[in-house]
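Here is the naming used below: chain letters follow the sequence lines, and residue numbers restart at 1 for every chain. Bear in mind that the values here come from a model prediction, so they are computed numbers and not experimental data.
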Number of protein chains: 2
Amino acid sequence: MFSQTVEYALRVVVHLAGHAPEAQTTDQIAKTTRVPRAYLSKVVQSLRRGGVVRSQRGSGGGVTLIKSPEELTILDVVNAVEPIQRINECPLGLASHGVHLCPLHARLDKALEHVEQAFAKTTLAEVLSEPTTSIPLCDTPGTDVISTIVERKEE
Amino acid sequence: MFSQTVEYALRVVVHLAGHAPEAQTTDQIAKTTRVPRAYLSKVVQSLRRGGVVRSQRGSGGGVTLIKSPEELTILDVVNAVEPIQRINECPLGLASHGVHLCPLHARLDKALEHVEQAFAKTTLAEVLSEPTTSIPLCDTPGTDVISTIVERKEE
DNA sequence: ATTGAATAGGATGTCAATGTCCACTTGGAC
DNA sequence: GTCCAAGTGGACATTGACATCCTATTCAAT
């Protein structure tokens, strides 16, 4: 339902939020997020164009969040890489359905609206601070991420 | 967010529900739903394998719903062609996240759950009977669907 | 100025979703 | 039994998402 790229983008931003406000290099990000290194640069560029992160070239450079984790929502991230496509007009192109969607598409759009709202209400800070046994990305100091990878079933 | 195939499948089922319990040929379905005729047969086959429709070969044959519109939900249709993929395990494969998703993925899965529930609660009969000016598919007698097609913007 | 760290981005490969085509099978009507 | 209507399904084309690779560009430190 959500694309792989959105999943990657969220991981990247969670990583950055966990280290804010320090800049992180793509190598560092790739390690903890397990996003393919070469593809990560594309994801980061999307996030930059979407106004979510700032990136700095040269030694000592890296990627940083533009907003603080308290102000940055999941929706901001999703919209930066792949905006949620609401249903604004009849997909069949029926003129008679003009402004008002038919009941079918109205329901589908309503579902999208709920998802959008849920994402808009959740900040990265909330995701990070939630009391739980599972820390997002699990990159807490002392934890070796690599060794905790388990066998995954083919899907 | 929802695939083209899901959109097509829903149109097909709405058309069938509007004509239940009579069988409809793929040619008839293709006309009102504006699903590419050749691809429609694939969609119908998915619906058949998913237990949503029955199809009958030979002259006088066609496609019919197995359940009545009152019993058939949007979720039934969606699951037949492309089941909603809930997030059951940590996409990073982190063993420590085992049964419990981290807050990030828990939120994403929650959004999926809401969509699933909304779809499970909506029957085709509801979609068809809802008082509105826009009849789904707009295939009411006397309305020429083709002439109501409007110019669509490229997306 | 030179060098090395680090992102930017174009070219290209791969694969699944979408879409098309056509030969085959099935079943009803005569 | 013949014929035609209608779905079945395999082979193939197209497209965009995902991924990789390599070179160019930028910046800081020296």
Side-chain angles (χ1 to χ4, degrees), chain A residues 1-12 15-16 19 22-31 33-66 78 80-85 91 154-155, chain B residues 1-13 15-16 19 22-31 33-66 78 80-85 91-92 154-155:
Chain A
M1 188 86 132
F2 307 115
S3 78
Q4 192 65 24
T5 305
V6 163
E7 161 75 23
Y8 288 164
L10 286 169
R11 287 191 210 166
V12 168
H15 173 86
L16 290 175
H19 292 77
E22 296 155 38
Q24 299 287 305
T25 68
T26 51
D27 271 9
Q28 290 173 316
I29 298 170
K31 273 204 186 79
T33 60
R34 306 195 68 73
V35 175
R37 195 163 310 210
Y39 192 60
L40 175 61
S41 84
K42 307 295 180 191
V43 176
V44 168
Q45 283 175 53
S46 287
L47 289 172
R48 186 173 55 78
R49 295 202 194 91
V52 170
V53 303
R54 183 187 315 115
S55 59
Q56 180 69 41
R57 297 209 247 201
S59 88
V63 185
T64 19
L65 292 183
I66 289 181
V78 171
V81 297
E82 197 182 289
I84 292 181
Q85 290 280 330
E154 284 305 306
E155 286 169 13
Chain B
M1 188 86 134
F2 307 116
S3 77
Q4 193 65 24
T5 305
V6 164
E7 161 74 22
Y8 287 163
L10 287 169
R11 287 190 210 166
V12 169
V13 171
H15 173 86
L16 291 174
H19 293 77
E22 296 154 39
Q24 297 288 305
T25 68
T26 51
D27 270 9
Q28 291 173 315
I29 299 171
K31 272 203 187 81
T33 59
R34 305 195 69 73
V35 175
R37 195 165 309 211
Y39 192 61
L40 175 61
S41 82
K42 306 296 179 190
V43 176
V44 168
Q45 281 175 54
S46 286
L47 288 172
R48 186 173 53 79
R49 294 202 194 92
V52 171
V53 303
R54 181 187 318 114
S55 58
Q56 179 69 40
R57 298 209 243 200
S59 89
V63 185
T64 21
L65 291 183
I66 289 182
V78 171
V81 296
E82 196 183 289
I84 292 182
Q85 290 281 331
L92 284 89
E154 286 305 304
E155 287 168 14

| message | What is the distance, to the nearest angstrom, from the CG atom on L40(B) to the C1' atom on dA17(C)? | response | 17 Å
| query | Of the nucleotides dT7(C), dG19(C), dG9(C), which has the atom closest to the T25(A) side chain? | reply | dT7(C)
| task | State whether Q45(A) places a side-chain N or O below 4.0 Å from either non-bridging phosphate oxygen (OP1 or OP2) of dG9(C). | result | yes
| Is R37(B) near enough to dG7(D) that one of its side-chain N or O atoms lies under 4.0 angstrom from OP1 or OP2? | no
| message | Looking at T26(A), I'd like to know whether one of its side-chain N or O atoms comes within less than 4.0 Å of OP1 or OP2 on dT7(C). | response | yes
| request: Quickly work out the I29(B) CD1 to dG7(D) C1' distance and round it to whole Å. | output: 11 Å
| said: Output the rounded distance in Å from CD (E7(B)) to P (dT18(C)). | reply: 12 Å
| query | Do R57(A) and dT26(D) share a donor-acceptor pair, side chain to base, under 3.5 Å? | reply | no
| request: Measure the shortest side-chain to side-chain distance between E7(A) and L92(B) over non-hydrogen atoms and say whether it is less than 4.5 angstrom. | output: yes
| task | Compare side-chain N and O positions of T5(B) against OP1 and OP2 of dT18(C) and report whether any pair is under 4.0 Å apart. | result | yes
| field | Distance below 4.0 Å between R48(B) side-chain N/O and dT8(D) OP1 or OP2 | value | yes
| Can you tell me how far P of dA8(C) sits from CG of L47(A), to the nearest Å? | 11 Å
| When all nucleic acid strands are considered with a 4.0 Å heavy-atom cut-off, which category describes R54(A): base, sugar-phosphate, or nothing? | nothing
| query | Which comes earlier along DNA chain D counting from the 5' end, the contact point of S41(A) or that of A38(B), where each point is its nearest nucleotide? | reply | A38(B)
| task | Please evaluate the base of dG10(D) for a donor-acceptor partner in the side chain of K42(B) within a cut-off of under 3.5 Å? | result | yes
| request: Would you please confirm or rule out a distance under 4.0 Å between OP1 or OP2 of dA19(D) and any side-chain N or O of Y8(A)? | output: yes
| Judged by atom type as modelled, is there a donor-acceptor pair below 3.5 Å linking the side chain of R37(B) to the main-chain atoms of A30(B)? | no
| message | Can you see if the side chain of R49(B) gets near the phosphate of dG7(D) - specifically, an N or O under 4.0 Å from OP1 or OP2? | response | no
| said: It should be established whether S55(B) places a side-chain nitrogen or oxygen under 4.0 Å from OP1 or OP2 of nucleotide dT8(D). | reply: yes
| note | Between A23(B) and G61(B), the two heavy atoms sitting closest are CB-O, 4.4 Å
| task | Starting from P on dG7(D), measure out to CG on D27(B) and report it in whole angstrom. | result | 7 Å
| task | Using only side-chain N and O atoms of Q56(B), determine if any of them is under 4.0 Å from OP1 or OP2 of dA6(D). | result | no
| query | Of V12(B), L16(B), L65(B), which meets side chain to side chain contact (heavy atoms under 4.5 Å, CB included) against L47(B)? | reply | V12(B)
